[in-house]
Amino acid sequence: GARLPVVIRSDRSEQQGTRLRGEPVQGFGPCVGRASESATGEVEGCHLLILLGLRHTYDMTAETTLGRIVLIGSGEIGPSMAPLHRSIVASLPKRSTPSSLVALDGSYDFQTNRAEMGEKIAVFFRSKVGIPTTVIGLPETDRAGADLAPSELAPTIAGLNAADLIFLGPGSPSRALRRWGGTPIVEQLIARIQNGATLITSSAAAAASGRHTIPVYEIYKAGTNPVWLDGLDIIGALTGLAVAIVPHWNNNEGATHDTSRCFIGEGRLQQLERALPDGAAILGIDEHSALTIDLGAKSVTVGGKGAVT
């Protein structure tokens with residue numbers, strides 16, 4: 001395993017070095033190499049996802065428009081991300097019916113403030129972003145999603161079909177895997193993106209969307225030895241990339257101890273890196289930052305306050 005050998009920076013800080021000023025990186029292809037900074041400050045060579053060779057498996061002559069997946073490091077319903085969300089809504093394909101957003105709560109439905117969190121997400125997108133929003137959850141929170149009957153999954157599947165913007169947010173990565181993994185929900189998310197929808201994942205859900213997932217709470221809070229969980233692999237299904245997504249990459253809440261790398265610290269992440277299979281890589285996303293993978297435009301864009309590593 002390895003980290004993607006490039007850091008792409010936003011334009012927020014002169015001290016952050018190599019920067020991408022919001023422009024999309026064009027031209028996915030089988031390019032492998034290390035990006036470098038020129039004398040003018042521009043990034044030369046291969047960029048980010050291109051470094052591993054993005055492999056398309058779609059019929060590009062088909063009359064469908066491929067959608068986008070957005071990975072957010074943190075601050076998903078805060079002021080730093082509101083402009084990004086508004087730009088996403090403004091760029092949604094025009095339809096005969098108004099655009100709408102569906103948010104799934106499986107990543108945090110174990111929390112006692114589940115309803116409060118869902119309402120907070122809905123109010124943010126309705127009032128700050130300006131899009132009708134519905135929060136949908138699975139029943140029987142004590143059971144894995146894969147153990148639920150098809151009829152119990154049906155409302156979630158129907159909601160995904162009706163929305164052109166989908167939000168999966170904070171909570172616990174392992175909880176997201178327990179509630180969504182092994183269910184038709186994952187296949188439906190992939191199908192919706194392949195047919196033009198935009199999927200926004202943040203924090204826990206972003207971590208769960210890769211092929212390998214860090215069980216954050218188990219390691220950071222319970223002291224479990226660092227191990228990988230099998231992720232939902234939404235990124236792999238859409239791009240062919242075997243990646244582990246690490247949000248909260250630059251977290252420093254610990255002050256006197258290392259809480260970077262999604263709270264588990266650099267040392268534990270290095271242990272996990274050594275356990276990754278050949279061909280897999282780590283993609284770190286700073287807090288209050290986002291990576292947008294636009295499959296239709298064949299581009300990636302970094303936005304927000306920080307960097308993608």
Side-chain angles (χ1 to χ4, degrees), residues 64-73 75-77 81-82 84-95 97-109 114 117-126 128-138 145 153-171 173 175-177 179-210 231-239 245 247 285 290-297 301 303:
T64 58
T65 301
L66 298 173
R68 299 168 290 190
I69 181 166
V70 183
L71 304 166
I72 298 177
E76 56 277 348
I77 56 171
M81 288 293 105
L84 170 70
H85 294 311
R86 287 193 287 266
S87 69
I88 289 172
V89 170
S91 64
L92 290 173
K94 302 303 180 185
R95 304 193 312 172
T97 57
S99 296
S100 63
L101 181 147
V102 160
L104 304 188
D105 73 357
S107 57
Y108 62 86
D109 66 359
R114 174 189 186 184
M117 178 64 73
E119 182 64 16
K120 185 176 181 180
I121 290 169
V123 168
F124 171 81
F125 279 105
R126 291 169 188 158
K128 302 300 183 182
V129 182
I131 186 168
T133 299
T134 302
V135 179
I136 301 177
L138 296 175
L153 299 172
T156 297
I157 300 298
L160 294 177
N161 281 334
D164 42 11
L165 186 57
I166 301 161
F167 177 79
L168 312 180
R175 180 66 178 189
L177 300 180
R179 295 294 273 170
W180 299 327
T183 75
I185 292 172
V186 178
E187 295 176 1
Q188 194 60 35
L189 288 169
I190 295 167
R192 293 295 296 120
I193 298 168
Q194 289 173 336
N195 285 279
T198 294
L199 171 64
I200 301 172
T201 69
S202 65
S203 192
S209 67
L232 301 176
D233 201 24
I234 296 172
I235 304 298
L238 292 167
T239 69
I245 309 298
I285 304 175
L291 172 70
T292 300
I293 305 171
D294 190 325
L295 298 168
T301 304

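Heads up: numbering here begins at 1 and tracks the sequence. The shown structure was predicted, so the numbers you read here are calculated from the model rather than taken from an experiment.
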Shortest non-hydrogen contact from K128 toward R86
O-NH1, 2.8 Å
Would you name the heavy atoms of G159 and V102 that are closest together and state the gap between them?
O-CG2, 3.4 Å
Quick check: closest heavy atoms across V135 and A122, and the distance to 0.1 Å?
CG2-CB, 4.1 Å
Acceptor/donor pairs from residues 182-193 side chains to any protein atom, 3.5 angstrom cut, sequence neighbours excluded:
unit_1: T183; atom_1: OG1; unit_2: W180; atom_2: O; d: 2.7
unit_1: T183; atom_1: OG1; unit_2: I185; atom_2: N; d: 3.1
unit_1: Q188; atom_1: NE2; unit_2: N161; atom_2: OD1; d: 2.4
unit_1: R192; atom_1: NE; unit_2: L160; atom_2: O; d: 2.9
unit_1: R192; atom_1: NH2; unit_2: A163; atom_2: O; d: 2.6

Would I72 and H85 count as a side-chain contact (heavy atoms from CB on, under 4.5 Å) if you check the C-alpha gap in whole Å, the side-chain angles of each, and the deciding distance to 0.1 Å?
CA-CA 11 Å; I72 298 177; H85 294 311; 3.8 Å; yes
Report the C-alpha separation of T198 and R68 in whole Å, then their side-chain angles, then the decisive distance to 0.1 Å, and conclude whether the side chain to side chain donor-acceptor pair (under 3.5 Å) test is met.
CA-CA 5 Å; T198 294; R68 299 168 290 190; 3.0 Å; yes
Single hit among L104, D105, D109 for side-chain contact (heavy atoms from CB on, under 4.5 Å) with R179:
D109
Between T156 and G137, the two heavy atoms sitting closest are OG1-O, 4.3 Å
Report the residues that fulfil ring pair (Phe, Tyr, Trp, His ring centres under 6.0 Å) with F167, sequence neighbours left out, ordered by chain and then residue number.
F125
Do the non-hydrogen side-chain atoms of L295 and I69 ever get within less than 4.5 Å of each other?
no
Heavy-atom closest pair, residues S209 and I245:
OG-CG1, 4.0 Å
Donor-acceptor contact present, side-chain D164 to main-chain S100, <3.5 Å:
yes
Criterion side-chain contact (heavy atoms from CB on, under 4.5 Å) against V70, the qualifying member of T301, L291, T201, I88:
I88
Closest non-hydrogen atom pair between P132 and S99, with its separation:
CD-O, 3.4 Å
Does T133 use its side chain to pair, donor to acceptor, with the backbone of I131 at less than 3.5 Å?
yes
Can a donor-acceptor pair be found, under 3.5 Å and without considering hydrogens, that links the side chain of S107 to the backbone of P170?
yes
Distance col, row T134:OG1 vs R126:CZ, nearest 0.5 angstrom, shows 6.5 Å
What donor-acceptor contacts under 3.5 angstrom involve side-chain atoms of residues 231-238, with partners at least two apart or in another chain?
unit_1: D233; atom_1: OD1; unit_2: R211; atom_2: NE; d: 3.3
unit_1: D233; atom_1: OD1; unit_2: G236; atom_2: N; d: 3.2
unit_1: D233; atom_1: OD2; unit_2: R211; atom_2: NE; d: 3.2
unit_1: D233; atom_1: OD2; unit_2: R211; atom_2: NH2; d: 3.4

